[in-house]
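The structure appears below as structure tokens.
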Protein chains: 2
Amino acid sequence: MTIPFPGLEVRGSKSGKPIMALLDLLGRTWSLGIIWHLHSGPATFRELQQRCEKISPTLLNTRIKELKALQLVECKGVGYQLTHQGRDLFDIISPLGSWSSRWAQVLKEDSK
Amino acid sequence: MTIPFPGLEVRGSKSGKPIMALLDLLGRTWSLGIIWHLHSGPATFRELQQRCEKISPTLLNTRIKELKALQLVECKGVGYQLTHQGRDLFDIISPLGSWSSRWAQVLKEDSK
DNA sequence: CACCATGCTACAATATTTGTAGCATGGTTA
DNA sequence: TAACCATGCTACAAATATTGTAGCATGGTG
């Protein structure tokens with residue numbers, strides 16, 4: 001898969017709109033998970049693999065390359081970590097944590 | 001793929017944590033796109049297909065089933081639309097729109 | 001009844017993801 | 001200095017997910 005740069009055609013849209021590139025990226029397996037798990041601090045390749053529990057090294061490396069090219073993740077001395085932009089993005093999606101708990105509650109109620 | 005219900009094992013986690021179910025769901029091809037495109041109003045199956053530009057009917061139907069089971073999308077007289085919970089979720093991710101524009105700006109600057 | 005449009009299924013072709021093995025590099029430690 | 005690690009990462013075949021096209025079934029409308 002090619003890296004979904006804003007401005008280029010991506011899966012789901014030929015428009016080049018940034019949001020479409022972003023939705024393509026985040027819709028790829030593990031992208032969101034990697035960002036989510038990196039928020040708890042920098043991690044080495046192998047540690048990130050463990051945080052993700054079941055990601056294959058092949059795919060982890062592919063996703064890392066994409067996230068680096070799109071400046072959301074960087075590799076410094078301490079290991080992989082979110083860039084400034086990556087943290088900004090995380091800040092937007094972080095409410096998903098508490099939202100998902102309420103959602104789970106509702107689903108549970110309704111299944112009774 | 002099984003539907004990622006909170007409480008069950010999902011791709012990426014055996015913990016049953018709601019956030020992991022959500023990240024699994026949103027990380028599936030087109031999930032985010034469908035939610036994004038439904039925000040602009042209810043749509044019939046075929047119209048939703050057009051909004052998504054390139055989704056296959058097979059997959060659209062699969063995703064719809066998942067999103068319905070998880071109470072994010074419903075099918076009423078007017079067609080498919082976001083549920084109350086679906087709109088709540090959209091509200092969380094909607095800042096991605098303007099964020100992605102700034103992100104695209106930065107990527108553009110840096111590529112000079 | 002002929003004609004549409006709709007929601008959706010079938011299914012083979014294609015693309016993505018996994019799982020396992022293991023290579024290459026760069027420290028330790030004996 | 002050589003036998004050990006752990007690390008980042010690649011290879012590659014098997015398993016899964018997604019696409020693309022065709023078209024069926026149903027419910028209007030003229």
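Letters A, B, ... mirror the listed sequences (proteins, then strands); counts begin at 1.
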Residues in side chain to side chain contact (heavy atoms under 4.5 Å, CB included) with S98(B), at least two apart? R102(B)
To the nearest angstrom, how far is E53(B) atom CD from dT19(D) atom P? 13 Å
Would you call I92(A) and I93(B) a side-chain contact if the rule is heavy atoms closer than 4.5 Å? no
Looking at L22(B), is its backbone amide N or carbonyl O close enough to the side chain of S100(A) to form a donor-acceptor pair, meaning the two atoms are under 3.5 Å apart? no
Measure CG/L59(B) against P/dT16(C) and give the value in whole Å, please. 14 Å
More 5' along DNA chain D: R11(A) or K65(A), using each one's nearest nucleotide? K65(A)
Round to a whole Å and report the spacing from CD1 of I64(B) to C1' of dC8(C). 10 Å
Choosing from dG20(D), dT17(C), dT10(D), which nucleotide comes nearest the side chain of S56(B)? dG20(D)
Give every pair of a protein N or O atom and an N or O atom of nucleotides 12-16 of chain D that lie under 3.5 Å apart, one pair per line with the distance.
from    : atom 1 : to     : atom 2 : distance (Å)
dC12(D) : N4     : T58(A) : OG1    : 3.3

With sequence neighbours left out, the residues meeting side-chain hydrogen bond (donor to acceptor under 3.5 Å, both in side chains) with E66(B) are R28(B), R63(B)
Applying salt bridge (Lys or Arg N to Asp or Glu O under 4.0 Å), name anything that partners E74(B), two or more places apart in sequence or on another chain. none
Taking atom OG of S40(B) and atom CG of L82(B), what is their separation to the nearest 0.5 Å? 9.0 Å
Using a 4.0 Å cut-off on heavy atoms, which residues in residues 25-49 of chain A reach DNA chain D? List them by number, or say none. T44(A), F45(A), R46(A)
Donor-acceptor pairs under 3.5 angstrom involving side-chain atoms of residues 7-16 of chain A: please list them, not counting sequence neighbours.
from   : atom 1 : to     : atom 2 : distance (Å)
E9(A)  : OE2    : K54(B) : NZ     : 2.9
R11(A) : NH2    : D24(A) : OD1    : 3.4
S13(A) : OG     : S15(A) : N      : 3.0
S13(A) : OG     : S15(A) : OG     : 2.7
S15(A) : OG     : K17(A) : N      : 3.2

Mutual orientation of the aromatic rings belonging to H39(B) and F90(B) [parallel < 30°, tilted 30-60°, perpendicular > 60°]: parallel
